[in-house]
Amino acid sequence: MSTVAESADRYRIEPTVLQALRRPRLLTREVLAGLVVALALIPEAIAFSVVAGVDPRVGLFSSFVLSVVIAFTGARPAMITAAAGAVALVIAPVSREYGADYLIVTIALAGVIQVVLAVLGVARLMRFIPRSVMVGFVNALAILIFLSQVPQLVDVPWAVYVLVAVGLGILFVWPRITRAIPAPLIAIVLLTAAVVVFGLSAVPNVADQGELPRSLPELLIPNVPLTWETLQIVAPYAFAAALVGLLESLMTAKLVDDITDTRSRKTREAWGLGVANLASAFFGGTGGCAMIGQTMINVKTSGGRTRISTFLAGVWVLILVVVLGDIVGLIPMAALVAVMIAVSAMTFDWHSIRPATLKRMPLSETAVMLVTVIATVWTHNLAVGVILGVLAAMVLFARRVAHFTTVTRTVDGETARYRVDGELFFASSNDLTTQFEYASDPARVVIDLSRTHVWDASTVAALDAIVTKYEQRGIEVELEGMSAAAASFHGRLSGGLGSA
C-alpha cells in the first residue's frame, strides 16, 4: 500500500477525492460511511421536521439537497450537513404562523446572509474561541446526543433494551475484528435481521417515526409578496437561523480539524453552507447546518475522510427513502440508539473531567467549560452555549490579566521613577491613577512604560489624568519607553478624551 493510503488508514493525512476514487479500499470505506450516516440521518430528519412543523418528507429532501450541494461548494471534507434541530427550533414559528411559503423565503434569506457573512470574513472570528469553550462544546454535544436518545428508551418493550445492549456490544467488538466494514452498519443489519427473524413487531422502528417519501423533490417558487412587510416577518428568523447554523458548522469543522489533524477553510465553509441553504429552500427544504452526531459517525466510527462520504450520505438518503423505503422502515430504532450512544461516549472528552486534569487546570478554564456545557444543555442550543462560554472567557481573562499589572516607585534625588509592568486596558487602567504618590513626589516624575502596552482609550484617559494631577502641583511628568504603535495611539487620543 502506498504512503498516502497508509497515512489515510492512520487518519493523519487526509486523502483527496481523486485519491479515494483511485483506491478501491478507500472508496469502499467512503461509500459505506455514507450509507451508515444516511441510516442515522433518516430518523433525525423526520424528527426535526416535526419540530419545524413541516411534513417529514421536507426534512428528508432537505438533508439530501444540503449534503449533495455542500459537497461541491466547499464543505469541510467528511463533515455532514443536513436538516438540523437547532435550525428547526429557530424557524418553527415561521412555519406554524405563516406557512410553508414564508418558510422557504426565510431559509433562502438565511442562505444569503451566510454568504454575505462569508464575504465579510466573519468565519475568521473562530480564532477567538478559546480551548476551554471548545472542550465545553464537545462535552455538551456528547450530552445532548445522549439525551436525544432517552425518549427512545422510555416506555418501550423490554426487547428494546436487549437490542441496544447487543448493538453496543457489536460496536465495541467489531472494530477489533476488522475496520473494512463500519461497525454501525454491521450493528444495524444484524439487529434489523434479529427483529425480522424473531418477529419482534412491538419494537419501534423507523417507519413509526413518520411517512417516508415516494417521489423525488421538486423545485418550488414561494407564493409570497415581495414587500417590506414580508421582509419584516422573515428577517429576524432568517438572521437567527443563519447565525446558529453558521456557528454550529464552524465549530463542527474545527472539531473535525482536531480529530483528523488537518485544516479546513472556514470562510469557504460559510460560503458553501449559504449556497446549500439557498438550494434547500427552493426545493422546499427546512435548511440546516453541520450535523455533529452524524459527522462523528462518519469521521470517528466509519472512517470517512473525503467529500465523497458527504455527497453519498445525501444520495443514500434519497435512495433509501424513495427506492428502499419499505426496508428502511423495518430498521429498529434500538439499532440507531445504540449507534448514537456509542457516538456520545466517543465524543465526550473524558480527559477533561479527570481529577488529575481538574487539579492542574486553572479554575477559570474549568469555569468557562462548565458555563458552556450548562448553557448548552439547558437551552439545547449549541450556539447559545458557545456565545456565553466566549463571554465568560473574556470576562475571566480580563479579570485575570488586570491583576497582573503593577506599578513600582523609586526615588533618585529630584526624580521619582515609576515602572509599569503588565498590560494596560480598561480593566487594569481604571485604578492606575490611585497608584501614584502625587503629594510626596519631587519636582520631576518619569513614568516608564517600556514593559507594558497601551491598548485602549481608557488607558490613554488614565495617563492623561495622571499627568494632569501632577501638572496641577507644578510637577514635570515624562512618559517614556512606549513602543512606536503605543506612542502613535497615545498621541492620537491624548488630550481629546475630556476629563478622566
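What you are looking at is a predicted structure, and each value in this text was computed from that prediction instead of being measured. Values reported hereafter were calculated over all heavy atoms of this structure, with side chains retained and with hydrogens, waters and symmetry mates removed. Numbering starts at 1 and runs along the sequence shown.
In this structure the side chain of V386 never reaches within 4.5 angstrom of the side chain of E248, judged on heavy atoms. I341 places none of its side-chain heavy atoms less than 4.5 Å from the side chain of Q152. With a 4.5 Å cut-off on side-chain heavy atoms, L147 and V377 count as touching. Contact annotation: the side chain of V323 never approaches that of L318 to less than 4.5 Å [non-hydrogen atoms, C-beta and beyond]. Contact check for T106 versus I233: no side-chain heavy atoms found under the 4.5 Å cut-off. Using a 4.5 Å heavy-atom threshold, the side chains of M79 and R307 count as separate. Between L109 and L231, some side-chain heavy-atom pair lies under the 4.5 Å cut-off. For the pair K254 and M134, the minimum side-chain heavy-atom distance is below 4.5 Å.
Closest of all the heavy-atom pairs between Q19 and T16 is OE1-N, 2.9 Å. A392 and V371 get closest at one heavy-atom pair: CB-CG1, 4.2 Å. Summarising the geometry of I80 relative to A313, their closest heavy-atom pair is CD1-CB, 4.2 Å, with the distance given to 0.1 Å. The two residues M340 and G293 come nearest to each other via the heavy atoms CE-CA, 4.2 Å. Here the closest non-hydrogen pair linking L41 and A82 is CD2-CB, 3.6 Å. The minimum heavy-atom distance linking T306 with A20 is given by the pair CG2-CB, 4.2 Å.
Within 6.0 Å of CZ in F146 there are 12 or fewer heavy atoms belonging to other residues, nucleotides or ligands. Annotation for E97: atom CD counts as buried by contact number, over 12 foreign heavy atoms lying within 6.0 Å.
Screening residues 62-72 for side chain to side chain donor-acceptor pair (under 3.5 Å), with sequence neighbours left out, gives S62-S280. Residues in residues 299-320 take part in these ring-ring contact (aromatic ring centres under 6.0 Å, His included) pairs, two or more places apart or across chains: F72-F311. Listed by first and then second residue, the salt bridge (charged side-chain N to carboxylate O under 4.0 Å, His left out) pairs that reach into residues 60-70 come to none, sequence neighbours excluded. The salt bridge (charged side-chain N to carboxylate O under 4.0 Å, His left out) analysis of residues 69-95, with sequence neighbours excluded, yields the pairs E14-R76, R76-D257. For residues 75-98, the pairs satisfying ring-ring contact (aromatic ring centres under 6.0 Å, His included) are Y98-Y102, with sequence neighbours left out.
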Q.
Evaluate L103 against V234 for side chain to side chain contact (heavy atoms under 4.5 Å, CB included), listing each step before the verdict.
A. CA-CA 8 Å; L103 178 63; V234 303; over 6 Å; no
**Q.** Audit row: T295, L255, side chain to side chain contact (heavy atoms under 4.5 Å, CB included) steps and yes/no
**A.** CA-CA 10 Å; T295 297; L255 177 59; over 6 Å; no
Q. Would S352 and M369 count as a side chain to side chain contact (heavy atoms under 4.5 Å, CB included) if you check the C-alpha gap in whole Å, the side-chain angles of each, and the deciding distance to 0.1 Å?
A. CA-CA 9 Å; S352 67; M369 181 190 73; 4.0 Å; yes
Q: Under the side chain to side chain contact (heavy atoms under 4.5 Å, CB included) rule, what do L278 and I107 come out as? Steps first, then yes or no, please.
A: CA-CA 7 Å; L278 268 171; I107 296 302; over 6 Å; no
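The backbone N or O of T310 sits nowhere less than 3.5 Å from a side-chain atom of N298 that would complete a donor-acceptor pair. A donor-acceptor pair under 3.5 Å is formed between the side chain of W350 and the backbone N or O of A345. In this structure, Q114 contributes its side chain and A270 its backbone to no donor-acceptor pair below 3.5 Å. In this structure, the side chain of S429 does not engage the main chain of L432 through any donor-acceptor pair within 3.5 Å. Remark: side-chain polar atoms of S302 are not paired, donor with acceptor, to backbone N or O of G304 under 3.5 angstrom. Checked by atom type and distance alone, the side chain of T372 pairs as donor or acceptor with a backbone atom of V368 at under 3.5 Å. A donor-acceptor pair is defined here as one N or O able to donate and one able to accept, closer than 3.5 Å; such a pair exists between the side chain of E30 and the backbone of R305. In this structure, T459 contributes its side chain and L424 its backbone to a donor-acceptor pair below 3.5 Å. Counting only distance, with no hydrogens or angles, the side chain of N139 and the backbone of F348 share no donor-acceptor pair below 3.5 Å. Put simply, the side chain of Q294 gets close to the backbone of A40: a donor and an acceptor are under 3.5 Å apart.
A distance of 7.5 Å separates CD1 in I387 from CG in L391, rounded to the nearest 0.5 Å. Atom CG of residue L358 and atom NE2 of residue H351 lie 9.5 Å apart, to the nearest 0.5 angstrom. How far CD1 of I70 is from OG1 of T81: 3.5 Å, rounded to the nearest 0.5 Å. Summarising the geometry, atom CD1 belonging to I42 is positioned 8.5 Å from atom CG belonging to L336; distances are rounded to the nearest 0.5 Å. Here NE2 of H453 is found 10.5 Å from CE of M482. Values are rounded to the nearest 0.5 Å. Distance check, rounded to the nearest 0.5 Å: NZ of K266 to CG of L246 gives 11.5 Å.
There is no side-chain donor-acceptor pair under 3.5 Å between S249 and T252. Side-chain N/O atoms of T452 and D421 include no donor and acceptor closer than 3.5 Å.
V58 is linked by a side chain to side chain contact (heavy atoms under 4.5 Å, CB included) to V54, D55, T286, counting only residues two or more places apart in sequence or in another chain.
Put simply, the residue from L247, V373, I292, T376 that forms a side-chain contact (heavy atoms from CB on, under 4.5 Å) with F137 is I292.
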